[in-house]
Amino acid sequence: MTFRARHLLGIEHLAPEEIRAVLDLAETYVELNQRTVKHSDALEGMTQINMFFENSTRTQASFELAGKRLGADVMNMSVAHSSVKKGETLIDTALTLNAMHPDLLVVRHPASGAVDLLAQKVNCAVLNAGDGRHEHPTQALLDALTIRRAKGRIQRLTVAICGDIAHSRVARSNLILLGKMENRIRLIGPPTLMPSGVQDLGCEVYEDMREGLKDCDVVMMLRLQKERMDGGFIPSEREYYHRYGLDAEKLAMAKDDAIVMHPGPMNRGVEIDGELADDINRSVIQDQVEMGVAVRMACMDLLARNLRAERGARAVGVMV
Ligand code: CP
């Protein structure tokens, strides 16, 4: 199988065949996760540490479940009760944990680039669980798997990414992944929520939601990242919902079989109509959560294989 990466820091470092390798292996874990006994020994004997410096429900829970289902010893570091609160730096925290010989380190951090920096300091495989506005690679991979299962392919689709593009690492990772897989990408949102240089991203940009959604195959809504906003980016949530909130009337502009996605957590009645989010004929939001466990199992399995190969080669004195 083609997957050469030592860490999973961002989609930008993955080749299309590596993305396909993750999705193909994840399919086998989707099947495993639907069994009564959900156990594999792919990470038997390995130690996984989860370090979340930002809040999370889906990502942290699914990485923990993924590691346990693969047989790893999983430790969730409680940042709120750690020595980070006494002023210990990220690097010192990482070096301390590294001395305990983990094999996989899963990190979420509010600063863009923090996870890359940490990966340079430790001996194990590092997985980026979201760093600032930079990347959220496992989210883009689980979104790709969800799309591929719903649409039968992950190429030649028209995908609308809507809302707070400027502050969203989910948007950035999806943009890179969907672009690598040769899809047509539309970015829809108010100019205040578009990143600078958006015209150079190779996407079509729309301010009008109805115009942008016309004939789309996939409608990906985004959360308003209020924690990353330092000013008034929208006039009011009511006005935002009126213009950019997805409801049945706006969705009618997309293809009849267009799917609706949202990475969560959702603000119902702000980014998306609650009934539409729960409509199992259009919304794949719960499928995204299900695919999240399988994709994270696949990513950790592939990185563990590379880690074992690297250690094996080092043990016999082969340069890697
Ligand atoms: N999609 C996502 O990253 O959700 P959490 O913040 O709950 O992990």
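Atoms considered below: every heavy atom in the structure, side chains included; atoms not considered: hydrogens, waters and symmetry mates. Since we're looking at a predicted model, the values are computed, not measured. Just so you know, ligand 1 is whichever comes first in the structure, and atom 1 is the first atom listed for that ligand.
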Next item on the list: Please determine, by modelled atom types, if E290 and Q34 share a side-chain donor-acceptor pair under 3.5 angstrom.
Entry: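 Yes.
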Next item on the list: Look only at the side chain of N183 and the backbone of L178, and say whether a donor-acceptor pair between them is shorter than 3.5 Å.
Entry: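 Side chain of N183 to backbone of L178: a pair is present.
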Among all protein non-hydrogen atoms, which one is nearest to [atom], and what is the separation to 0.1 Å?
atom: atom 6 (O) of ligand 1; result: R108 NH1, 2.9 Å
atom: atom 4 (O) of ligand 1; result: R58 NE, 3.1 Å
atom: atom 7 (O) of ligand 1; result: T57 N, 2.8 Å

Check: Under a heavy-atom criterion of less than 4.0 Å, does E54 contact ligand 1?
Finding: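 Judged by the 4.0 Å heavy-atom criterion, E54 does not count as contacting ligand 1.
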Notebook entry, point to check: Can R311 and D103 be counted as an ion pair, charged N to O under 4.0 angstrom?
Noted result: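 D103 and R311: salt-bridged.
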Item checked: Backbone or side-chain N or O of Q139 under 3.5 Å from ligand 1 N or O ->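 Yes, at least one N or O pair falls under 3.5 Å.
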Note to self: I want to know if ligand 1 touches P265 in the polar sense, i.e. an N/O pair below 3.5 angstrom.
What the structure shows: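 No; the residue has no nitrogen or oxygen that sits under 3.5 Å from a nitrogen or oxygen of the ligand.
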Checklist line | Steps toward side-chain hydrogen bond (donor to acceptor under 3.5 Å, both in side chains) verdict (S62, R296) | finding: CA-CA 7 Å; S62 59; R296 287 164 181 133; 2.7 Å; yes
Atoms of ligand 1, numbered as shown, that sit under 4.0 Å from any heavy atom of [X]:
X: G264; result: 1 (N), 2 (C), 4 (O)
X: P263; result: 1 (N)
X: T59; result: 2 (C), 3 (O), 4 (O), 5 (P), 8 (O)

Notebook entry, point to check: Looking only at heavy atoms, what is the nearest atom pair of M266 and A277, with distance?
Noted result: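 Looking at all heavy atoms of both residues, the closest pair is SD-CB, 3.6 Å.
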Next item on the list: Answer yes if the ring centres of H167 and F233 are under 6.0 angstrom apart, and no otherwise.
Entry: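 Yes; F233 has its ring centre under 6.0 Å from that of H167.
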Item checked: Within 45° cone and under 6.0 Å: R108 NZ/CZ vs F52 ring ->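 No cation-pi geometry.
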